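Just below is one structure, and these are the notes that go with it.
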Amino acid sequence: MAKADVLLGLQWGDEGKGKIVDVLAPRYEIVARFQGGPNAGHTLEFDGIKHVLHQIPSGIFRPKAKNVIGNGVVLDPVVFKKEIEALKRYNLNLKENLYLSKKATLIVPTHRLLDQAYESAKGEARIGSTLRGIGPAYQDKIGRLGLRVGDILLDDFGERFRRLTAQHVAILERYPITYNWPQLEEEFLEAVAFLRQFNLTETEYLINNELKNGKRILAEGAQGALLDIDFGSYPYVTSSNTITAGACTGLGISPRYIGEVYGVFKAYCTRVGGGPFPTELADETGEQLRRQGNEFGSTTGRPRRCGWLDLPALKYSVMINGVTQLYMMKADVLSPFEELKVCTHYRLNDGSETDIMPFNLAYEQITPVFRKLKGWHTPLNNLKNGDALPAELENYINFIEEQLGLPIVLVSTGPDRLQTFYRHAYAL
Ligand code: GDP
Ligand code: IMO
Ligand code: MG
């Protein structure tokens with residue numbers, strides 16, 4: 001029996017997971033999404049093409065990889081149809097290379113409306129949800145009310161859809177939300193008809209059979225560990241388990257068959273939406289990071305909040321996920337800075353210092369304790385595998401490795417597939 005490797009984000013999302021999954025996909029027979037839904041935006045760049053995927057796994061551009069949307073995902077058929085249509089021009093063999101779990105939960109149009117209603121009712125305390133219906137869809141899943149992908153093949157689907165959405169409409173009456181229901185319903189049912197032509201199957205069998213046959217599987221995380229429903233900065237989180245364990249429940253893989261865990265992180269930090277962010281820079285340096293890193297949401301276009309690297313947060317993510325190797329992204333973004341800062345500890349309200357994630361991160365006035373490091377001050381975009389890294393960058397990497405006790409195997413120096421640098425010691 002082979003083991004499935006898991007790739008996930010160690011921060012608040014948008015670490016560059018999509019790029020790395022696309023880079024690694026030729027080594028895998030299957031790439032599988034295990035949680036989240038259209039809240040994700042995973043960007044791939046190669047041959048002058050830039051493409052953002054939301055629900056479809058990032059292995060889709062590699063002709064030999066089978067791509068699986070697992071049972072842990074919440075799938076919006078309307079977004080799915082649009083994504084498939086946007087992929088048409090690449091002539092990919094989607095009917096053959098894409099498999100959807102019959103057990104994945106469906107996002108219905110009223111989930112999006114409920115997301116909007118709940119968010120606006122929260123006022124200042126809003127999460128900053130992507131408004132894609134993620135929270136309400138997972139609520140229905142856990143509340144045992146949800147509809148699943150496999151249900152669209154059954155005769156009573158229309159009836160069950162109307163029953164569920166009528167319940168939602170009754171709730172929506174309490175909120176000042178306007179919408180055109182006939183139009184939303186028509187769009188949804190059309191998208192459901194479209195979805196029926198794809199491979200809707202028991203993907204847990206597919207995956208376990210492939211593992212039995214020694215095939216390699218890469219599980220692609222969405223969001224990031226600090227947005228995990230259990231271990232993230234609750235309540236400013238998403239509604240799924242974004243951590244390694246999510247790959248087991250979201251695909252039907254036993255924990256015994258998890259292999260490597262690739263932890264992807266940016267050389268600094270970003271967060272989009274509300275919630276605590278200890279190293280956030282609300283100043284010109286933060287602006288510079290945003291400009292330099294083009295830090296605007298891939299799904300919503302919102303400006304991302306930016307700050308220095310946060311080691312206590314990374315240590316926590318490494319622990320919860322059982323990370324075995326680290327991938328550091330966007331090193332090029334730090335090139336203009338003469339001096340870099342890395343947060344090693346948090347100073348709490350009572351003056352004590354800790355490198356442990358406090359329970360009440362959202363309420364504690366954390367002051368980050370920084371270690372200053374010299375910047376490399378050299379562009380990295382044209383670096384090729386085999387070239388030596390600037391000494392200051394090596395130093396930055398070594399410091400993080402020492403702190404986290406894990407190797408940084410890969411350094412990304414630009415958005416393109418080719419701007420990917422394997423460190424000599426770990427050349428694959
Ligand atoms: P994901 O959600 O984790 O897949 O990440 P996103 O695609 O939302 O955000 C990452 C952004 O950074 C995308 O625009 C990528 O094209 C870009 N990107 C990825 N790696 C690098 C890198 O090493 N350098 C730079 N400058 N951009 C990168
Ligand atoms: P990828 O996969 C960054 C954030 C939202 C909000 C919170 C809850 O591209 O890394 P939700 O719509 O899930 O209810 O929003 O989570 N969020 C993300 N932030 N990247 C993502 O995905 C995100 N998906 C959700 O901004 O703060
Ligand atoms: Mg993203």
Side-chain angles (χ1 to χ4, degrees), residues 5-28 30-34 36 39-65 67 83 86-87 90 92 218-225 227 242 260-270 272 289-290 292-299 301 304 306 309 317 323 325-335 379-385 389 393 397 408-423 426 428:
D5 299 333
V6 184
L7 182 144
L8 31 79
L10 300 183
Q11 296 160 319
W12 282 283
D14 302 327
E15 295 88 352
K17 300 174 290 291
K19 164 176 167 166
I20 294 301
V21 171
D22 170 60
V23 166
L24 297 182
R27 297 188 213 158
Y28 288 89
I30 293 192
V31 176
R33 279 279 308 272
F34 56 89
N39 48 350
H42 295 182
T43 316
L44 280 54
E45 279 194 46
F46 54 92
D47 303 340
I49 293 170
K50 177 173 170 166
H51 196 88
V52 181
L53 294 165
H54 298 288
Q55 306 179 111
I56 295 176
S58 300
I60 202 72
F61 285 98
R62 302 295 195 169
K64 289 194 191 127
N67 287 265
E83 276 200 86
L87 285 170
Y90 303 114
L92 307 171
L218 180 63
E220 170 183 6
Q223 290 76 56
L227 288 171
T242 58
E260 293 295 311
V261 180
Y262 308 127
V264 184
F265 70 102
K266 276 181 200 176
Y268 49 100
C269 270
T270 63
V272 60
L289 280 172
R290 185 174 309 116
Q292 199 67 28
N294 192 22
E295 294 295 358
F296 295 89
S298 314
T299 296
R304 295 179 184 141
C306 297
L309 192 69
S317 295
V323 173
Q325 327 181 358
L326 293 166
Y327 288 12
M328 187 170 90
M329 311 300 289
K330 301 190 99 161
D332 54 303
V333 175
L334 296 183
S335 286
L380 302 175
N381 313 53
N382 296 321
L383 214 59
K384 285 188 216 60
N385 272 304
L389 293 177
L393 175 53
I397 291 172
I408 295 180
V409 168
L410 182 152
V411 179
S412 174
T413 55
D416 195 274
R417 254 182 204 169
L418 301 175
Q419 293 168 310
T420 306
F421 191 91
Y422 294 97
R423 293 182 67 225
Y426 313 103
L428 296 164

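In this text, all values refer to a predicted model and were calculated from it rather than measured experimentally.
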Mind checking side chain to side chain contact (heavy atoms under 4.5 Å, CB included) for [X] and listing every partner two or more places apart, or none if nothing turns up?
X: Y90; answer: I49, H51, F61, L87, L92
X: A32; answer: I30, V68, I207, L251
X: V272; answer: D14, R302, R304
X: Q11; answer: E15, F265, K266, C269, L309, L314

Checklist entry - Minimum heavy-atom separation for A331 to L393, with atom names? => result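 Looks like CB-CD1, 4.5 Å.
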Checklist entry - Below 4.5 Å, heavy atoms only, C-beta onward: do Y327 and V409 meet side chain to side chain? => result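 Touching, per the 4.5 Å side-chain cut-off.
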Checklist entry - Backbone N or O of L10 within a donor-acceptor pair of the S317 side chain at under 3.5 Å? => result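 Such a contact is found between S317 side chain and L10 backbone.
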Checklist entry - Under the 3.5 angstrom rule, does the side chain of T242 hit a backbone N or O of G224 as a donor-acceptor pair? => result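 Confirmed, T242 side chain pairs with G224 backbone.
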Item to check | Any residue meeting salt bridge (charged side-chain N to carboxylate O under 4.0 Å, His left out) with D416, in chain and number order, not counting sequence neighbours | outcome: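 With neighbours one apart ignored, the set is empty.
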Next on the checklist: I'd like to check the salt bridge (charged side-chain N to carboxylate O under 4.0 Å, His left out) partners of D22; sequence neighbours left out, ordered by chain and number.
Outcome noted: R62, R417
Checklist entry - Are side-chain N/O atoms of K17 and S58 paired as donor and acceptor at under 3.5 Å? => result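 There is no such pair (donor and acceptor under 3.5 Å, judged by atom type) between the side chains of K17 and S58.
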Next on the checklist: For H42, run the side-chain hydrogen bond (donor to acceptor under 3.5 Å, both in side chains) check against H54, R33, E220 and tell me which one passes.
Outcome noted: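 It is E220; the other options fail the test.
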